Amino acid sequence: EGVAEVWLSSEDTGAYGIDLQTSLSALLLRLIPVLEKRPFASLRVGMTNPPYVLDQLDTLAEVMEHPQIYAFLHVPVQSGSNEVLGATRMNREYTV
């Protein structure tokens with residue numbers, strides 16, 4: 001009652017649901033009807049790393065078009081170099 005803003009936050013919000021066979025984007029889709037019952041409430045999504053959201057980007061972009069969800073996703077940029085991100089240095093699963 002009277003909540004103005006909800007933050008979904010964790011060490012890596014994008015990893016939500018991996019152990020539950022669901023996803024962050026599925027959770028956000030389920031939260032939209034709840035938000036709509038509270039027209040003055042808004043939702044923010046916390047930090048996420050690329051490996052956990054790359055396959056959810058289309059749905060996340062769609063969800064973030066909702067007027068009650070902040071269209072902002074905190075994704076840490078660790079390097080602008082594929083060489084640095086690659087197997088011999090940082091061993092990340094993604095490239096620029």
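Just so you know, these numbers come straight off a predicted model, no measurement behind them.
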Going by salt bridge (charged side-chain N to carboxylate O under 4.0 Å, His left out), name the residues that satisfy it together with E5, two or more places apart in sequence or in a different chain. R44
Look up atom CG in L20 and atom CG in L27, then write down how far apart they are to the nearest 0.5 Å. 10.0 Å
Using every non-hydrogen atom in the two residues, find where M64 and L73 come nearest and quote the distance to one decimal. CE-CD1, 3.8 Å
Considering all heavy atoms, the nearest P76-T48 contact: CD-O, 3.2 Å
Check the hydrophobic clustering (I, L, V, M, F, W, Y; side-chain heavy atoms under 4.5 Å; chains of links allowed) and say if W7 and V75 are grouped together. no
By the rule that ILVMFWY residues connect when side-chain heavy atoms come within less than 4.5 angstrom, directly or transitively, which residues belong alongside F40? none
So how far is it from R92 CZ to N49 CG, rounded to the nearest 0.5 Å? 8.0 Å
Do L24 and M47 land in one hydrophobic cluster if side-chain heavy atoms of ILVMFWY residues count as linked below 4.5 Å? no
With sequence neighbours left out, write down each residue that passes side-chain contact (heavy atoms from CB on, under 4.5 Å) with P33, or none if nothing qualifies. none
According to salt bridge (charged side-chain N to carboxylate O under 4.0 Å, His left out), does anything in residues 53-64 pair up with another residue at least two apart or in another chain? List the pairs. none
Contacts of type side-chain contact (heavy atoms from CB on, under 4.5 Å), residue V63, not counting sequence neighbours: L28, L29, I32, T59, I69
May I have all residue pairs that pass side-chain hydrogen bond (donor to acceptor under 3.5 Å, both in side chains) and include part of residues 17-36, sequence neighbours excluded? S23-S25, S25-Q56, E36-H66
Name every donor-acceptor pair, under 3.5 Å, that has one atom in a side chain of residues 81-91 and the other anywhere in the protein, sequence neighbours excluded.
unit_1, atom_1, unit_2, atom_2, d
S81, OG, E83, N, 3.2
S81, OG, V84, N, 3.2
N82, OD1, V96, N, 2.5

Do I18 and Y52 have side chains that approach each other closer than 4.5 Å (heavy atoms only, starting at C-beta)? yes
Decide yes or no on side-chain contact (heavy atoms from CB on, under 4.5 Å) for L8 and L31, but give the supporting numbers first. CA-CA 11 Å; L8 296 180; L31 287 174; 4.0 Å; yes
